[in-house]
2 protein chains.
Amino acid sequence: MGHNDIDDICPAPIIFTMIGGKWKLAILKTLIFKGTRRFGDLRREVDGVTQTMLTKQLRALEADGLVHRKVFAEVPPRVEYSATEDGLSLRPVFEAMHLWWLERGL
Amino acid sequence: MGHNDIDDICPAPIIFTMIGGKWKLAILKTLIFKGTRRFGDLRREVDGVTQTMLTKQLRALEADGLVHRKVFAEVPPRVEYSATEDGLSLRPVFEAMHLWWLERGL
DNA sequence: CTGAATCCTTGTCGATACTG
DNA sequence: CAGTATCGACAAGGATTCAG
């Protein structure tokens, strides 16, 4: 047993690519912990993000299957974003980081 | 209770800053899961990293208290790096990511 | 309201050369 | 062996403008 699964196939770099960068973490956390949001809602709730960056990051999250995009055929336009099952299942990762933070504070 | 701790004080952005980027994850994982390493060992084990980048990233990890640097007064020089308690306590975070990866594969 | 296209700034990465 | 210093390449981030 000179063998350690968690080291051999570590998904950390992949996850960091998927949710790293300046905005994806905040966007995903909103959708995971607060629920479905319209584009304009996210724009207001993700502090400091611009229209351009929000669109780019949402597209990337969607491409990685973490976020779902639902377009309503209405005027004015309405688009709702939500976390997919894959996105929601990242919750334990956030919880592990939260726990690390709490234990570290002592 | 319209209140959610994990959302209010989320350490994720902090952790991503501390261990994000192209090399820190691989460096830290080596020190956490394989143990103490000399500079030259890391240079060989972290695939593709250059001397310059390895030094920079190790300095950053050290500044954040995740890695310890021990210099031996010898000739030729010898420097050993190891994960600190704070660094080692990130293990559950890696494990959570690993679990996410396994469950997602189905 | 939601979003695409353009252009510019900033920061990260890394090759190379040099040192105790 | 284990660094430091410099400088260029490139990607990420962001302001602005236009559009369905």
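These numbers come from the heavy atoms of this one structure, side chains and all, not from hydrogens, waters or symmetry mates.
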**Fill in**
Whether each nucleotide of nucleotides 6-11 of chain D has a protein heavy atom under 4.0 Å at its base (B), only at its sugar-phosphate (S) or at neither (-) is summarised, 5' to 3', as ------

**Request:** For A/Glu74, look at atom CD and say whether over 12 heavy atoms of other residues, nucleotides or ligands are found less than 6.0 Å away.
**Result:** yes

**Request:** Kindly state which residues belonging to residues 57-71 of chain B come within less than 4.0 angstrom of DNA chain D, counting heavy atoms of the residue only, listed by number.
**Result:** B/Arg59, B/Arg69

Atom [atom1] of [X] to atom [atom2] of [N]: distance rounded to whole Å?
{"X": "B/Leu42", "N": "D/dA2", "atom1": "CG", "atom2": "C1'", "result": "12 Å"}
{"X": "B/Arg78", "N": "D/dC1", "atom1": "CZ", "atom2": "P", "result": "13 Å"}
{"X": "A/Phe39", "N": "D/dG20", "atom1": "CZ", "atom2": "P", "result": "18 Å"}
{"X": "A/Asp47", "N": "D/dG14", "atom1": "CG", "atom2": "P", "result": "12 Å"}
{"X": "A/Arg37", "N": "C/dT2", "atom1": "CZ", "atom2": "C1'", "result": "18 Å"}
{"X": "B/Gln51", "N": "D/dC1", "atom1": "CD", "atom2": "P", "result": "10 Å"}
{"X": "B/Arg43", "N": "C/dA15", "atom1": "CZ", "atom2": "P", "result": "10 Å"}
{"X": "B/Ile27", "N": "C/dC13", "atom1": "CD1", "atom2": "C1'", "result": "13 Å"}

**Asked** So how far is it from A/Tyr81 OH to A/Thr36 OG1, rounded to the nearest 0.5 Å?
**Response** 12.5 Å

**Fill in**
Closest non-hydrogen contact found for A/Ala96 with B/Ala96 is CB-CB, 3.9 Å

With a non-hydrogen cut-off below 4.0 angstrom, is [X] in contact with a base, only sugar-phosphate, or nothing?
{"X": "B/Phe72", "answer": "nothing"}
{"X": "A/Arg38", "answer": "sugar-phosphate"}
{"X": "B/Glu74", "answer": "nothing"}

**Asked** Phosphate oxygens OP1/OP2 of D/dG3: is one of them under 4.0 Å from a side-chain N or O of B/Tyr81?
**Response** yes

**Asked** Hey, is the side chain of A/Trp23 poking within less than 4.0 Å of OP1 or OP2 on D/dG14, counting only N and O atoms?
**Response** yes

Output the single nucleotide from [options] whose closest atom is nearest the side chain of [X].
{"X": "B/Lys22", "options": "D/dG3, C/dG14, D/dA15", "value": "C/dG14"}
{"X": "B/Thr50", "options": "C/dA15, D/dG14, C/dT2", "value": "C/dA15"}
{"X": "B/Met53", "options": "C/dG14, C/dC1, D/dA2", "value": "C/dG14"}

**Message:** Ring of A/Phe72, cation from A/Arg78 - is the NZ or CZ under 6.0 Å from the centre and inside 45° of the axis?
**Reply:** yes

**Message:** With a 4.0 Å cut-off on N to O distance, would you call B/Arg37 and B/Glu80 a salt bridge?
**Reply:** no

**Request:** Ignoring hydrogens and angles, tell me if any N or O in the side chain of B/Lys24 forms a donor-acceptor pair with the backbone of B/Met18 under 3.5 Å.
**Result:** yes

